[in-house]
Protein chains: 2
Amino acid sequence: MRNKRPTSFDIAELAGVSQSTVSRALRRDSMVSEDTRLKVEQAARQLNYKVDVNARNLRSQRSNTLALLLYEDPGTSESLINPFFLSILGSVTRASARRGYDLLISFQQSSTDWTADYASSKRADGIIFLGYGDYTSYLEKIASLDEAGIEYITWGPVLPGQPGHFIGSDNVQGMSDAVSHLIATGHRRIAFLGDISENCPEYRDRYQGYVQALAAAGLPADPALRLDSQTSEEAGHAAALRLLDAGTPFDAIVAACDLVAIGAMHALRDRGLAVPGDVSVVGFDDIQAASYTNPPLTTVRQDTAAAGELLVENLLRLMAGRALDQTIIPARLVVRQSSRPRGPLGA
Amino acid sequence: MRNKRPTSFDIAELAGVSQSTVSRALRRDSMVSEDTRLKVEQAARQLNYKVDVNARNLRSQRSNTLALLLYEDPGTSESLINPFFLSILGSVTRASARRGYDLLISFQQSSTDWTADYASSKRADGIIFLGYGDYTSYLEKIASLDEAGIEYITWGPVLPGQPGHFIGSDNVQGMSDAVSHLIATGHRRIAFLGDISENCPEYRDRYQGYVQALAAAGLPADPALRLDSQTSEEAGHAAALRLLDAGTPFDAIVAACDLVAIGAMHALRDRGLAVPGDVSVVGFDDIQAASYTNPPLTTVRQDTAAAGELLVENLLRLMAGRALDQTIIPARLVVRQSSRPRGPLGA
DNA sequence: TTGTATGCGTTATCAT
DNA sequence: ATGATAACGCATACAA
């Protein structure tokens with residue numbers, strides 16, 4: 001037979017103060033003398049008292065909780081989650097914990113309007129979106145949130161005139177750096193693998209960075225060197241094969257993401273081409289697997305630690321009625337062994 | 001100027017029923033006529049009503065929420081989370097969502113007694129532990145939970161006479177299968193890399209599976225073939241070098257986990273040895289990177305999808321006062337290219 | 001600084 | 001099957 005859980009009234013009795021004083025003393029809002037605070041804390045410890053968060057949340061009308069909503073492409077395989085998102089998830093978790101917020105997570109696949117539930121049912125004070133799925137359904141979601149007056153922030157492409165609040169990597173700069181690196185190391189025929197439709201604005205930005213870097217070097221962006229590829233190793237493999245079969249000459253491949261780059265490396269090897277001997281390959285994301293490939297993949301690193309920090313930081317700013325701070329995170333080229341100098345400059 | 005959020009009273013008024021009837025109709029506990037249910041649901045939709053979970057939780061004394069607590073080794077690098085745990089996290093998320101539970105997650109590093117807070121503050125109805133850190137602090141945690149009458153379940157080694165409730169892979173069987181496979185393909189001098197101290201009971205089980213398989217084939221477990229290694233690529237690399245430097249002959253390496261195996265492969269290559277040409281290498285876990293290594297790593301796959309499912313399933317059973325169901329998950333050998341037949345049998 | 005009284009929005013209990 | 005009423009445990013407004 002276990003004792004009933006103590007309430008703030010029990011603490012009040014034990015400490016010889018009123019219940020409201022207990023409540024005050026246990027938060028850090030002060031307005032209590034050092035003396036009573038010690039008495040209360042002592043009593044609370046003695047009875048092993050813990051504030052009932054449900055009562056607190058009901059009364060204060062806030063939950064001290066953030067929700068992280070991860071939307072996967074319906075096409076994604078049921079069991080796997082994009083490792084890149086998982087990495088952000090990890091840093092968001094830490095960042096919100098550091099600020100005293102609990103984190104509720106949910107992986108959505110269907111486009112239920114469950115989104116708003118989280119906030120309008122007062123489960124969470126703010127929402128972080130990861131992988132928002134298709135853009136139209138995303139717009140519906142944030143519309144309902146705006147209507148309900150709920151704060152949210154989204155990881156994704158930072159575009160001008162966008163509805164909502166976004167935090168994202170500098171995809172243009174990141175890919176531009178990668179391509180500039182290839183050009184500087186003697187590559188001239190650089191293929192781009194990735195889906196640049198409007199469904200993937202981030203890949204679109206990366207492609208723009210690619211074009212930009214070529215232009216800066218006075219090189220044309222040959223349409224024959226751009227191939228569509230979904231976000232998977234298999235798709236990257238297939239895209240590289242299409243490129244090879246087309247007979248278009250090329251000396252490097254940049255991929256919209258690491259998975260595609262890895263698939264492309266396998267395709268090249270399957271056809272007897274050496275990486276980086278015959279072709280350099282560069283990815284984007286720097287997922288963990290990127291450093292384990294053979295050769296280790298040169299790629300553009302998205303700073304997931306900063307991402308989580310900035311997402312939480314800015315969401316809290318929004319919740320406090322303030323404006324966003326920094327929203328774009330620099331992406332950094334990580335040179336490994338899948339790319340190397342060639343031509344007149346190289347060995 | 002936004003309208004106030006509607007309450008159940010508003011719905012009651014609109015639907016022309018009492019407020020308590022609204023509450024009944026909105027849950028599935030029935031006891032309401034089909035007619036009134038429809039009226040209520042209609043009114044709720046019309047006003048875009050959502051139950052306030054804080055009020056509901058306060059009144060019903062349950063939160064419909066599970067908490068996932070991930071404890072990392074303090075030694076682990078600040079920013080990285082074991083990909084294997086992340087994978088379980090993904091499946092736990094789905095499993096709890098499927099059962100209508102919200103999931104609260106927290107990554108702990110210090111050994112604060114924050115653990116009990118989650119449950120005794122009524123934030124969560126049950127707790128799932130992942131990576132419980134060191135065993136003694138774990139025992140303290142669960143003691144306070146037991147005292148508070150809170151249900152919890154832990155991912156880890158399933159050992160006889162253990163306090164608490166565990167779900168885990170069959171580490172003995174998994175590693176035994178792996179070693180038997182190596183023996184069957186002609187390997188005779190198989191090294192084991194991993195920490196088998198009492199801090200790592202799971203690795204200990206794997207080592208036991210190793211010994212068992214050797215014994216079944218009438219082979220001795222040469223102490224010179226067992227080397228300590230922490231759980232990281234660098235440690236695996238170093239351990240393999242020590243093995244090589246010792247001069248002990250060997251034709252295969254099994255590692256306590258994939259990261260160690262990957263490090264060992266790199267060490268072998270550094271010394272000019274071919275995998276699997278000269279030495280076969282086998283890991284454990286089947287993390288994503290395992291299939292991207294060169295050659296792709298033969299390993300023992302832990303079924304993380306089943307793990308999440310079973311953790312949630314059994315936690316709910318405990319919460320319902322029932323006994324645990326299945327607690328051990330079979331581990332399955334995945335043969336890739338880092339191992340291959342040799343000797344009289346092989347090429 | 002502290003105490004008193006009230007209410008947050010729902011579910012549970014007891015009627016009918 | 002439905003309605004009236006109390007209660008969940010805390011935080012806030014106001015008074016002292």
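Residue numbers start from 1 in every chain, and the chains themselves are labelled A, B, ... in the order their sequence lines are given, proteins ahead of strands. None of these values were measured; they are calculated from a predicted model.
With sequence neighbours left out, the salt bridge (charged side-chain N to carboxylate O under 4.0 Å, His left out) criterion links B:Glu41 to B:Arg28. Scored by the side-chain contact (heavy atoms from CB on, under 4.5 Å) test, B:Leu324 finds B:Ile153, B:His165, B:Asn314, B:Leu318, B:Thr327 as partners (sequence neighbours excluded). Applying the salt bridge (charged side-chain N to carboxylate O under 4.0 Å, His left out) test to A:Arg99 and every residue at least two apart in sequence or in another chain returns A:Glu309, A:Glu313. Looking at residues two or more places apart in sequence or on another chain, you find a salt bridge (charged side-chain N to carboxylate O under 4.0 Å, His left out) between B:Lys122 and A:Asp52.
Looking at every heavy atom in both residues, B:Ser121 comes nearest to A:Val51 through CB-O, 3.2 Å.
Over its full length, the helix from C:dT1-D:dA16 to C:dT16-D:dA1 turns its helical axis through 20°, comparing axes from the five pairs at each end and rounding to 10°.
Taking CG from B:Leu104 and CG from B:Leu66, the interatomic distance works out to 9.5 Å, rounded to the nearest 0.5 Å. Atom CG of residue B:Leu311 and atom CG of residue B:Leu316 lie 11.0 Å apart, to the nearest 0.5 angstrom.
At the phosphate of D:dT2, neither OP1 nor OP2 sits under 4.0 Å from any side-chain N or O atom of B:Thr21.
Atom CD of B:Glu13 is separated from atom C1' of D:dG3 by 16 Å (rounded to the nearest Å). Put simply, CG on B:Asp35 is 13 Å from P on D:dA1, counting in whole angstrom units. Counting to the nearest Å, the C1' atom of C:dT16 and the CE atom of B:Met31 are 15 Å from each other.
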Next item on the list: Take nucleotides 9-15 of chain C nucleotide by nucleotide from the 5' end and write B, S or -, depending on whether a protein heavy atom sits under 4.0 Å from the base, only from the sugar-phosphate, or from neither.
Entry: BBBBB--
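Using a 30° and 60° split on the angle between ring planes, A:Trp155 and A:Phe84 fall in the tilted class, from 30° to 60°.
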